[in-house]
Amino acid sequence: MMLTPVTMKLDLQKELTEALNIEEVFSFKIGNFTVNIDETTVVSWIIIVATTLVALFLTRNLKVEGEISRRQAFLELCYEKSVGFFEGLMGEKVRNFIPWLMSVALFIGISNTIGLIAEPFNLKPPTKSMQMTAALAITSIVIVEYAAYKGKGIGGRLKQFANPINVMEVFTKPLSLCMRLFGNVLAAFTIMELIKIVTRAIFVPVIPVAFSLYFDIFDGLLQAYIFVFLTALYLEEASEPVKKKEKKKKKKQA
């Protein structure tokens, strides 16, 4: 009787470790270097290819004039709502970044819920890997810095680096975006795997479905929203000219 809990504990640890591991799918050599392609990269490719094909299908035969289809009306409604949301946050000056923000939100949302969508194929969320969240965060900050130099000018942006806090923000912002997304997705994935393992052992397969509504769907989409929302705020702040900030400070002092 005393051996049963120990055996269950060891099995639980083994299964959870296997679920959290990022396995290598294939590798190839370029000269003396070996390039390893893991499941995070492969699943990301699958998401990119699938969303691209869906986008090509949904956007074919669109009309500028005349009667439009329900598909086009729905797409235009989604786009207008998204543009209205981001313009409310950032203003018209960063309108050119809205398609990119929408693409990132779509990619992260699908990545976070891919385990639920493609569970029969045992596809794991690529965002539970720090290399993916770091890549997304670094890309976001590169675009934020581009908006900063474009909005403030090279001289205006370089002057801001005289303040050590502005220098630190260049590193702390991507770190915050990376760790927030990685931590929340990994925690949700770990909890769901524990629930699946335990309920499978006691033959109650219905329980994971109820928890998936929160951890896989609600929390997954929420993290996508938070990531894009923070990036949008960074873009709005970065694109604001220096003169406007100085006027605001003078008004506050008065």
Side-chain angles (χ1 to χ4, degrees), residues 40-41 44 47-48 51 78-112 125-187 219-254:
T40 296
T41 306
S44 300
I47 294 171
I48 293 170
T51 51
C78 292
Y79 181 77
E80 288 173 2
K81 293 292 184 183
S82 299
V83 169
F85 170 76
F86 286 115
E87 281 192 348
L89 285 175
M90 305 181 297
E92 296 183 359
K93 289 187 177 181
V94 288
R95 186 184 181 95
N96 294 333
F97 297 106
I98 293 177
W100 177 79
L101 288 169
M102 293 169 62
S103 300
V104 172
L106 183 64
F107 175 79
I108 296 177
I110 296 175
S111 297
N112 291 350
T127 42
K128 80 175 182 66
S129 169
M130 190 178 292
Q131 67 183 30
M132 176 56 64
T133 59
L136 288 168
I138 292 171
T139 304
S140 295
I141 297 305
V142 168
I143 293 177
V144 169
E145 284 302 309
Y146 169 76
Y149 282 102
K150 187 177 180 181
K152 298 177 174 62
I154 297 176
R157 181 54 177 161
L158 292 177
K159 284 180 181 178
Q160 288 188 314
F161 289 139
N163 186 345
I165 295 177
N166 293 330
V167 178
M168 290 180 60
E169 283 184 347
V170 176
F171 301 98
T172 57
K173 284 180 178 178
L175 182 63
S176 174
L177 287 173
C178 170
M179 297 307 296
R180 180 182 285 105
L181 180 60
F182 168 72
N184 282 282
V185 173
L186 182 64
D219 186 64
L221 297 179
L222 177 64
Q223 296 309 317
Y225 170 80
I226 292 173
F227 187 95
V228 175
F229 178 79
L230 290 175
T231 304
L233 291 181
Y234 295 156
L235 281 169
E236 189 275 334
E237 181 184 3
S239 60
E240 187 178 1
V242 178
K243 291 182 179 179
K244 288 187 177 181
K245 286 193 171 184
E246 289 176 354
K247 288 180 181 179
K248 288 180 180 179
K249 288 180 180 179
K250 287 180 180 179
K251 287 182 180 178
K252 288 181 179 178
Q253 289 175 358

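Note that the coordinates shown come from a computational prediction; the quantities given were computed from them, not determined experimentally.
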Distance from [X] atom [atom1] to [Y] atom [atom2], nearest 0.5 Å?
| X | Y | atom1 | atom2 | answer |
| --- | --- | --- | --- | --- |
| I108 | F227 | CD1 | CZ | 4.5 Å |
| T231 | I226 | OG1 | CD1 | 11.5 Å |
| L230 | S140 | CG | OG | 10.0 Å |
| M132 | S111 | CE | OG | 6.5 Å |
| L186 | S129 | CG | OG | 10.0 Å |

Which atom pair, heavy atoms only, marks the closest approach of [X] to [Y]?
| X | Y | result |
| --- | --- | --- |
| N112 | A224 | ND2-N, 4.0 Å |
| R180 | Q223 | O-OE1, 4.2 Å |
| T127 | L136 | CG2-CD1, 4.4 Å |
| P174 | E169 | CD-O, 4.0 Å |
| C178 | M130 | SG-CG, 3.9 Å |
| P126 | T40 | O-CG2, 3.6 Å |

Cut-off 3.5 Å, no hydrogens considered: what does the side-chain donor-acceptor table look like for residues 96-107, sequence neighbours left out?
unit_1 : atom_1 : unit_2 : atom_2 : d
S103   : OG     : P99    : O      : 2.9

Item to complete: Starting from the C-alpha separation in whole Å, work towards a yes-or-no answer on side-chain contact (heavy atoms from CB on, under 4.5 Å) for Y234 and L177.
Response: CA-CA 11 Å; Y234 295 156; L177 287 173; 4.0 Å; yes

Worksheet item: Residues two or more places apart in sequence or in another chain: which of them pass salt bridge (charged side-chain N to carboxylate O under 4.0 Å, His left out) with R95?
Response: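 Once residues adjacent in sequence are excluded, the partners of R95 under the salt bridge (charged side-chain N to carboxylate O under 4.0 Å, His left out) criterion are E87.
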
Worksheet item: Got a sec, which residues hit side-chain hydrogen bond (donor to acceptor under 3.5 Å, both in side chains) with S82, two or more places apart in sequence or on another chain?
Response: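 In terms of side-chain hydrogen bond (donor to acceptor under 3.5 Å, both in side chains), with neighbours along the sequence ignored, S82 is linked to no residue.
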
Let me have the donor-acceptor pairs involving side chains of residues 144-151, under 3.5 Å, with sequence neighbours excluded, atom names and distances please.
unit_1 : atom_1 : unit_2 : atom_2 : d
E145   : OE1    : R157   : NE     : 3.2
E145   : OE1    : R157   : NH2    : 3.1
E145   : OE2    : R157   : NH2    : 2.7

Item to complete: Identify, with sequence neighbours excluded, every residue that meets side chain to side chain contact (heavy atoms under 4.5 Å, CB included) alongside T41.
Response: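 Result, side chain to side chain contact (heavy atoms under 4.5 Å, CB included) vs T41: I37, D38, W45, Q131.
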
Practice prompt. Sequence neighbours left out, what passes side chain to side chain contact (heavy atoms under 4.5 Å, CB included) with F85? Give chain and number order.
Written response: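 With neighbours one apart ignored, the set is L89, Y225, F229.
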
Worksheet entry | Side-chain donor/acceptor of K152 to backbone N/O of A238, under 3.5 Å |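 Pair found, side chain donor or acceptor close to backbone of A238.
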
Discussion item. So does Q160 get a backbone contact from the side chain of N166, meaning a donor-acceptor N/O pair under 3.5 Å?
Written reply: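 Yes.
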
Practice prompt. Begin from the C-alpha positions of V170 and F161 and carry the test side-chain contact (heavy atoms from CB on, under 4.5 Å) through to its verdict.
Written response: CA-CA 10 Å; V170 176; F161 289 139; 3.8 Å; yes

Discussion item. Against the six-membered ring of F182, is K128 placed for a cation-pi contact (under 6.0 Å from the centre, within 45° of the normal)?
Written reply: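 Cation-pi check for K128 and F182: fails.
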
